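Data first, discussion second: the structure below is written as structure tokens.
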Amino acid sequence: SAHPCVPPGPSGGGRRSPHHPWDLEPCCAGPLACPEPVGQNKLDIGDILQQIMTITDQSLDEAQAKKHALNCHRMKPALFSVLCEIKEKTGLSMRNTQEEEPQDPQLVRLDNMLLAEGVAGPEKGGGAAAAVSAATSSGGMSPDSSLEHSDYKSKLSQIRSIYHTELEKYEQACTEFTTHVMNLLREQSRTRPVTPREIERMVAIIHRKFSSIQTQLKQSTCEAVMILRSRFLDARRKRRNFSKQATEVLNEYFYSHLSNPYPSEEAKEELAKQCGITVSQVSNWFGNKRIRYKKNIGKFQEEANLYAMKTALGARQGDDSPHTPNSTGN
DNA sequence: TACAATGATTCATA
DNA sequence: TATGAATCATTGTA
């Protein structure tokens, strides 16, 4: 009852011809060599799809053989173009899903820091110089620090070289892996439609993964630099006691203002000048002195008496010695 | 070498 | 923001 022009459905029948393409014997002779009735084509396609679906369940050799057979199959170009069409249609919906994302702010910060420290970018020792200048400006740096400076520089250059070696390794691995995947996709594009855009996306995914590894490397490098810097800049590590004369000046002020040992900003500046130290060092000294005195007044009694006597002696001599102005007096 | 002294830092608070 | 309190890291000394 079927019209001779209406081919049977894909699931209809299923009786294979003796020279059926699903035997997957390469049919390299082409369609002319193995003529098939027109109605058979839909059946062919259904079976080809079935074969493709099950190809992953087969062993490598089997799959390879089947792949080769499929590549040579006379229906392949037609099927391929259909797949391309379907893919193009579905591809449209995901076209807008993935666009170039903005640069990771954390990575930007890491890059900037590595650049500022002289780890990334051209070698010039800028980071070390910056550290030194920072140390000197903070007031805690002794002038004869060239030894420590070179120590810092050598350690920084160690970090730098490790960083660059690792970075190079990662970049090489990334390139190798990308090439491998691209080759794989190109190879696959012979049997399934793989658009250049798809390859691009895959490459982008790989780069993202590798860049996250790179971020970790940058993070640990930053940590190493921070530790190095903190060790280098930590003034506690190169503490020098003040001169005897400076301590004397500070103690004189402290004990002569015992009821209110809080020098004004001007007094601090004056004391700093007299002692050859910075104002913040004067502040530190008074901070420490106050707390330590308060904690153990008994221990400081002798010292207090000594300076009280000194002050009294100075006052009796009547000389208008250039002492710092009494802030509150008592 | 242990330990006290001391200058500096950090953190909480008023 | 100055100060107190705790703590760190080094120096000085017995």
Side-chain angles (χ1 to χ4, degrees), chain A residues 109-110 113 116-118 127-156 158-159 219-311 322-330:
Chain A
R109 271 204 305 279
L110 288 173
M113 189 190 155
E117 290 299 331
V132 171
S133 82
T136 1
S137 67
S138 74
M141 189 84 169
S142 56
D144 55 339
S145 62
S146 54
L147 219 128
E148 290 162 43
H149 182 183
S150 67
D151 195 33
Y152 177 87
K153 265 174 84 173
S154 79
K155 289 205 163 73
L156 188 73
Q158 262 179 41
I159 292 174
Q219 216 158 17
S220 48
T221 308
C222 274
E223 268 171 35
V225 174
M226 292 302 276
I227 291 166
L228 181 67
R229 267 196 88 155
S230 76
R231 285 188 75 83
F232 180 73
L233 295 177
D234 190 354
R236 285 180 296 199
R237 290 179 184 275
K238 20 186 175 306
R239 185 178 67 75
R240 297 279 181 279
N241 287 353
F242 297 156
S243 70
K244 220 172 161 199
Q245 182 258 340
T247 316
E248 209 144 298
V249 170
L250 293 167
N251 271 319
E252 263 177 43
Y253 188 99
F254 181 80
Y255 287 110
S256 63
H257 298 78
L258 208 48
S259 62
N260 186 38
Y262 296 88
S264 63
E265 204 55 36
E266 293 78 25
K268 279 183 196 170
E269 280 170 24
E270 179 62 31
L271 285 167
K273 206 188 290 178
Q274 281 184 43
C275 301
I277 58 178
T278 66
V279 172
S280 60
Q281 281 177 306
V282 172
S283 297
N284 284 339
W285 189 92
F286 273 89
N288 285 322
K289 190 72 183 182
R290 278 192 299 267
I291 191 77
R292 284 165 185 162
Y293 178 82
K294 204 172 86 178
K295 264 187 182 170
N296 196 348
I297 296 175
K299 199 181 86 178
F300 287 94
Q301 200 53 60
E302 206 178 317
E303 194 179 65
N305 291 339
L306 189 78
Y307 282 100
M309 230 161 67
K310 262 187 170 182
T311 314
H323 271 197
T324 47
N326 195 332
S327 52
T328 54
N330 52 315

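These numbers come from a predicted model, not from an experiment. Lettering of chains follows the sequences in order, A, B, ..., and the numbering in each one begins at 1. Heavy-atom basis, side chains included; hydrogens, waters and symmetry copies ignored.
Comparing C/dA5, C/dG12, C/dT3 by their nearest atom to the side chain of A/N241 picks out C/dG12. The side chain of A/R290 lies closest to C/dG4, out of C/dG4, B/dA8, B/dA5.
Distance CZ (A/R292) to P (C/dG4): 13 Å, rounded to an integer number of Å. Rounded to whole angstrom, the span from the NZ atom of A/K244 across to the P atom of C/dG12 amounts to 13 Å. Put simply, CZ on A/F286 is 14 Å from C1' on C/dT3, counting in whole angstrom units. Atom CZ of A/R239 is separated from atom C1' of C/dT10 by 5 Å (rounded to the nearest Å). Per the geometry, CG belonging to A/N284 stands 17 Å off P belonging to C/dT10, to the nearest Å. To the nearest angstrom, C1' of C/dG4 lies 10 Å from NZ of A/K295. Atom CZ of A/F300 and atom C1' of B/dT6 are 10 Å apart (whole Å).
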Discussion item. I'd like to know whether A/H257 forms a side chain to side chain contact (heavy atoms under 4.5 Å, CB included) with A/Y262, so could you lay out the CA-CA distance, the side-chain angles of the two residues, the decisive distance to 0.1 Å, and finally the verdict.
Written reply: CA-CA 8 Å; A/H257 298 78; A/Y262 296 88; over 6 Å; no
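Below 30°, between 30° and 60°, or above 60°: for A/Y293 and A/F300 the angle between ring planes is between 30° and 60°, a tilted geometry.
Using a 4.5 Å cut-off on side-chain heavy atoms (C-beta onward), A/L306 and A/N251 make no contact. Residues A/L271 and A/F286 form a side-chain contact, since some pair of their non-hydrogen atoms from C-beta on lies under 4.5 Å apart.
When heavy atoms are screened at a 4.0 angstrom cut-off, A/K268 is found touching the sugar-phosphate backbone but no base atom.
A/N288 contributes a side-chain N or O that forms a donor-acceptor pair with the base of B/dA8 under 3.5 Å.
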